[in-house]
Asker: 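Provided herewith is a single structure, encoded as structure tokens, for subsequent inquiry.
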There are 2 protein chains.
Amino acid sequence: MAWDTERTKRLLLDAATAEFSAHGLAGARIDRIAASAGVNKERIYQYFGKKDELFATVLGTRLRAMMDEVPMTGEGPEAAGDYAGRLFDHHLADTTIPRLVFWEGLERGAAATDAARVAYHDAKVQRFQELLPGVDRAMAGEILLTIVTLVNAWPVLAHLDGYLVGASAGRTAERRAFIVKTTVAIARAALPGG
Amino acid sequence: MAWDTERTKRLLLDAATAEFSAHGLAGARIDRIAASAGVNKERIYQYFGKKDELFATVLGTRLRAMMDEVPMTGEGPEAAGDYAGRLFDHHLADTTIPRLVFWEGLERGAAATDAARVAYHDAKVQRFQELLPGVDRAMAGEILLTIVTLVNAWPVLAHLDGYLVGASAGRTAERRAFIVKTTVAIARAALPGG
DNA sequence: TTCACTTACAACTATTCAGTTGGAAACATC
DNA sequence: GATGTTTCCAACTGAATAGTTGTAAGTGAA
């Protein structure tokens, strides 16, 4: 039998991503990750180190992967709204990132200042600022944080939505439209002379 | 020695609140709750049942308490903004509720349809609707969800804020002002003829 | 005082879980 | 094909950890 180290690593990382997304750091089970990947758990310790190191690897890998999946295009408030909508769609189709982001906030608190992470978010804010000419960096970050908060929280707070608005056909599309509309309004108000 | 059942229950509930807020359901330790309360852990099972039942009790108790602590007063978009601001202040001073709400969303998913809980949120939406005459229930819920999302996510996603906007003196006040302003704008736009 | 009930705790059980070890099979290189 | 290295797993270890039990002591009512 031929060894395929990369495949083994990928299997483990994928399984770990699913496990951490579902249960967080404390709730995740190393045995479950290994079983789900069909690989002996000893491999995890060889390739990724301890549990929390694996968690950090998972989060970093995922965020870096998302970088290109939802690009910012166009210009003006409508472009900002369009970006919010596409981000909403992405996080709805795959709730991994929203869940990991909130797990991180809750379990790890102020995340370690990872250089790659800082650069990633910085580039994102800069690009967003280009979307809204005349808006300063702080306000661009403020608006972006608002968008990110709303679209990431949606899959996580589905139960609250059920309580406050109630389940209905097309509820998701409704929420999406509201977030897009709100984003456009916020962006417009932030523009010079808005 | 005279038994003081209520005091014992309160000690346990307070300790459990702190523990669950800090570590969530999976991360919380029954032994730690008992030790922190200075009470034998067997009492927990007698008074509150299993771990997840205790969690539900903690969350319900806290939410009900908050109802009175941050009342909705006045009328119109400014009143909505004022409510958002006071909610922000409350959750900033005590991050218990934001954390518990997100723990619930992540760990328990769609929460059990607790009758008291349904009634609580229903009353909240109804009261909010009175704040904005002419706005229907669905839109009132939509706006309320947006407010609740933004003010609850703030203490949990502090690390993201650091990445996107950056730490600075008065950053918190800045974010608060932005959320209040946004809330007023959203509420105004939702009013008939807005 | 007696009896039924409640409060409380120390000690226990049975299980789960992160992390390790020893060794076997596959591979690479000379 | 001999030698050293890498991949892999079954089985193990030791530490928690949720939940229980046995018992003693306090309470209240007859």
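Each chain gets a letter, A, B and so on, in the order the sequences are listed, and its residues count up from 1. Note that the structure is a prediction, hence the values are computed from the model and not measured.
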Asker: Which heavy-atom pair separates B:Arg99 from A:Gly105 by the least distance, and what is that distance?
Answerer: NH1-O, 4.2 Å
Asker: Can you check whether B:Glu53's main-chain N or O pairs, donor with acceptor, with B:Thr57's side chain at less than 3.5 Å?
Answerer: yes
Asker: Does any residue of residues 43-62 of chain A have a heavy atom under 4.0 Å from DNA chain D, and if so, which ones, in number order?
Answerer: A:Arg43, A:Tyr47
Asker: Any pair with a residue in residues 124-141 of chain A that passes salt bridge (charged side-chain N to carboxylate O under 4.0 Å, His left out), sequence neighbours left out, goes on the list, sorted by first then second residue, please.
Answerer: A:Asp122-A:Arg137, A:Arg127-A:Glu130
Asker: Side chains of B:Val156 and A:Phe102: does their closest heavy-atom pair fall under 4.5 Å?
Answerer: yes
Asker: Mind checking what makes salt bridge (Lys or Arg N to Asp or Glu O under 4.0 Å) contact with B:Glu107, not counting sequence neighbours?
Answerer: none
Asker: Could you list the donor-acceptor pairs under 3.5 angstrom formed by side chains in residues 181-194 of chain B, with sequence neighbours left out?
Answerer:
from: B:Thr182; atom 1: OG1; to: B:Phe178; atom 2: O; distance (Å): 2.8
from: B:Thr183; atom 1: OG1; to: B:Ile179; atom 2: O; distance (Å): 2.8
from: B:Arg188; atom 1: NH2; to: B:Glu78; atom 2: OE2; distance (Å): 2.4

Asker: For A:Thr8, does its backbone N or O pair with a side-chain atom of A:Arg43 as donor and acceptor, under 3.5 Å?
Answerer: no
Asker: Regarding B:Thr146 and A:Arg175, is there a side-chain donor-to-acceptor distance under 3.5 Å anywhere?
Answerer: yes
Asker: Between C:dT6 and B:Thr5, is there an OP1 or OP2 to side-chain N/O distance shorter than 4.0 Å?
Answerer: no
Asker: Taking OP1 and OP2 of C:dT7, is either one under 4.0 Å from a side-chain nitrogen or oxygen of B:Thr8?
Answerer: no
Asker: What I want to check is whether the side chains of A:His90 and A:Arg86 have a donor and an acceptor closer together than 3.5 Å.
Answerer: no
Asker: Parallel, tilted or perpendicular: which one describes the rings of B:Phe20 and B:Phe55, with boundaries at 30° and 60°?
Answerer: perpendicular
Asker: Give the angle between the helix axes at the two ends of the helix from C:dT1-D:dA30 to C:dC30-D:dG1, taking five base pairs at each end and rounding to 10°.
Answerer: 10°
Asker: Name every residue in residues 18-42 of chain A that has at least one heavy atom under 4.0 Å from any atom of DNA chain D, in order of residue number, or write none if there are no such residues.
Answerer: A:Val39, A:Asn40, A:Glu42
